[in-house]
Chemist: 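Structure incoming, see below.
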Amino acid sequence: MQDELNRLRIDLAYDGAPFRGWARQPGLPSVQSAVEDALELVVRRPCTTVVAGRTDTGVHARRQTLHVDVPSEVVRRAGASGGEPTAPDEDGTRGRRAASGGCAPDATVRASDGDAASRVPSAPGPDGGGEDAAWSGEPVPGLTRRLNGALNRVLGKDRTADGWEPAVGAVVVHDVVVAPAGFDARFSALSRGYLYRIADTVTGHDPLTRGFAWWLGRELDVPAMDAAVRELLGLHDFLSFCKPREGATTVRELQRAGVRRDGTGMITVRLTADAFCHHMVRSVVGAVVRVGEGRRAAAWPGERLRARTRDASVVMAPAHGLVLDAVDYPEASRLEERAVLTRARREEA
């Protein structure tokens, strides 16, 4: 008989520098592989996650969200209401992974992120009845502790054994909760928010910021940059600022945008959209910086947007200044509705 499943929502943060992006890649360190290997140590079977937004090599995340479906017994053992967990296995063998967003009972084929296989049953909702239904929305602090402990092993001795520098502390799990019915980390999201930090000659170049800010050797015109990025607000085809993926749309709604200099002199570009296409944020930042340098007029990014042509005039900003800073979801009663709507839009596109 197939195990009953609970969908977990996991909120985490990471320093992207030691990784080749979020997505698992054979022979290369990724955030996804670190998290899934830690899950395997805790859950005692291979797991595959679904994430709100896949980040590129070197991009950081202060607030990232994923979901994974685990056997209900795992939640019971960990104590959904804060009970003490049992000790984790330390000798699990890494095997083939479950269909996207789940943990394999033995050796099942891994599916791609976001395909039909990710539509596995969610954790029982308030009307589902039984003990598991009462767990919906409950924190599982036992799993939070165990995952962070397993990550220390994965990013420490396991990573060293694979020939990479240790990166203990580069990934931190903040919360694990039993997700409400209908929750999908990718498709239920209303928006993602990114910030990008820039240090110009006004800011000064503090060596302690070099890992998360783009250093530039001239003073930037921040009001001009702010005016330029606001030209992009609204629902548009962002092809001029995206690296298109086969079969995917480049139409996005940029909901909020702005450029500010804080009290320390650091410049921050903030962008919020329903979703971002590949390289969109870094390309927008690169275009806005050209305005700040005085090389282009404030209207130029809007002109490039309307041209709907990607060319060499739009240069991407370096990855290390970029941080995924927020993922927002609707209230619990609308999670499934939002997921269905998002899938329909993507399939239509």
Side-chain angles (χ1 to χ4, degrees), residues 8-43 45-69 92-104 109-115 117-118 147-174 176 185-186 189 192 194 211-212 243 245 248 275-282 316 318-325 327:
L8 300 178
R9 169 178 169 164
I10 300 177
D11 293 294
L12 67 157
Y14 49 85
D15 173 359
F19 305 103
R20 302 297 177 89
W22 167 267
R24 180 181 285 270
Q25 303 176 64
L28 295 174
S30 70
V31 184
Q32 183 178 20
S33 62
V35 171
E36 290 177 353
D37 289 349
L39 275 165
E40 183 174 343
L41 287 173
V42 172
V43 177
R45 58 181 69 183
C47 299
T48 301
T49 57
V50 173
V51 71
R54 288 174 286 186
T55 51
D56 289 337
T57 297
V59 176
H60 316 293
R62 177 175 286 124
R63 296 179 181 88
Q64 175 71 283
T65 300
L66 63 85
H67 78 245
V68 63
D69 294 281
T93 302
R94 295 176 191 171
R96 297 171 67 193
R97 301 189 174 274
S100 186
C103 301
V109 179
R110 179 175 179 243
S112 62
D113 185 0
D115 66 9
S118 71
L147 275 175
N148 281 316
L151 279 165
N152 287 341
R153 167 179 160 168
V154 169
L155 295 173
K157 67 178 184 180
D158 289 1
R159 185 178 160 103
T160 302
D162 290 337
W164 302 97
E165 288 291 323
V168 175
V171 182
V172 175
V173 172
H174 290 314
V176 179
R186 180 185 179 192
R192 288 90 171 160
Y194 282 88
F212 65 86
K243 181 179 180 181
R245 297 182 189 270
F276 290 90
C277 46
H278 196 208
H279 292 166
M280 177 176 162
V281 179
R282 291 166 59 196
M316 285 199 305
H320 69 274
L322 185 58
V323 180
L324 175 59
D325 192 54
V327 183

Chemist: Ignoring hydrogens and geometry, is there a side-chain-to-backbone donor-acceptor pair from His60 to His320 under 3.5 Å?
Modeler: yes
Chemist: Please identify each residue that fulfils ring pair (Phe, Tyr, Trp, His ring centres under 6.0 Å) with Phe276, with sequence neighbours left out.
Modeler: Tyr194
Chemist: So which pairs with a foot in residues 163-174 pass side-chain hydrogen bond (donor to acceptor under 3.5 Å, both in side chains), sequence neighbours left out?
Modeler: none
Chemist: Are the side chains of Phe19 and Val171 in contact, using a 4.5 Å heavy-atom criterion?
Modeler: yes
Chemist: When you compare the side chain of Arg20 with that of Pro29, does any pair of heavy atoms fall below 4.5 Å?
Modeler: yes
Chemist: Would you say the side-chain atoms of Gln64 pair up with the backbone N or O of Gly53, donor to acceptor, closer than 3.5 Å?
Modeler: yes
Chemist: Would you say Gln25 and Ser30 are linked by a side-chain donor-acceptor pair, where the criterion is simply a distance under 3.5 Å?
Modeler: no
Chemist: Using modelled atom types only, decide if a donor and an acceptor are shared between the side chain of Asn152 and the backbone of Val168 within a distance under 3.5 Å.
Modeler: no
Chemist: Side chain to side chain contact (heavy atoms under 4.5 Å, CB included) with Leu8: which of Thr49, Val43, Val176?
Modeler: Val176
Chemist: Going through the checks in order, is the side-chain contact (heavy atoms from CB on, under 4.5 Å) test met by Arg45 and Cys103?
Modeler: CA-CA 6 Å; Arg45 58 181 69 183; Cys103 301; 3.7 Å; yes
Chemist: To the nearest 0.5 Å, how far apart are NZ in Lys243 and NE2 in His278?
Modeler: 5.5 Å
Chemist: Would you say the side-chain atoms of His67 pair up with the backbone N or O of Ala185, donor to acceptor, closer than 3.5 Å?
Modeler: yes
Chemist: Please enumerate all residues that pass salt bridge (Lys or Arg N to Asp or Glu O under 4.0 Å) together with Asp325, with sequence neighbours excluded.
Modeler: Arg62, Arg63, Arg270
Chemist: Under 4.5 Å between any side-chain heavy atoms of Thr55 and Tyr14, yes or no?
Modeler: yes
Chemist: If you take all heavy atoms of Val51 and Trp22, which pair is closest and at what distance?
Modeler: CG1-NE1, 3.5 Å
Chemist: Looking at CG of Leu147 and CG of Leu12, how far apart are the two atoms once the value is rounded to the nearest 0.5 Å?
Modeler: 9.5 Å
Chemist: Quick one: pull up OG1 in Thr65 and CG in Asp11 and give me the separation to the nearest 0.5 Å.
Modeler: 4.0 Å
Chemist: Between Ala170 and Leu155, what is the shortest heavy-atom contact and its length?
Modeler: N-CD1, 4.3 Å
Chemist: Quick one: closest heavy-atom pair of Leu322 and Arg282, and the distance?
Modeler: CD2-CG, 3.8 Å
Chemist: If you compare all heavy atoms of Asp158 against all heavy atoms of Val154, which two are closest, and at what distance to 0.1 Å?
Modeler: CB-O, 3.5 Å
Chemist: Yes or no on side-chain contact (heavy atoms from CB on, under 4.5 Å) for Val173 and Leu151, after CA distance, side-chain angles and deciding distance?
Modeler: CA-CA 9 Å; Val173 172; Leu151 279 165; 3.8 Å; yes
Chemist: What is the minimum heavy-atom distance between Leu66 and Val35, and which atoms define it?
Modeler: CD2-CG1, 3.9 Å
Chemist: For the backbone of Gly156 and the side chain of Thr160, can you confirm whether one donor and one acceptor N or O come within less than 3.5 Å of each other?
Modeler: yes
Chemist: Between Arg24 and Asp37, is there a side-chain N and carboxylate O pair less than 4.0 Å apart?
Modeler: yes
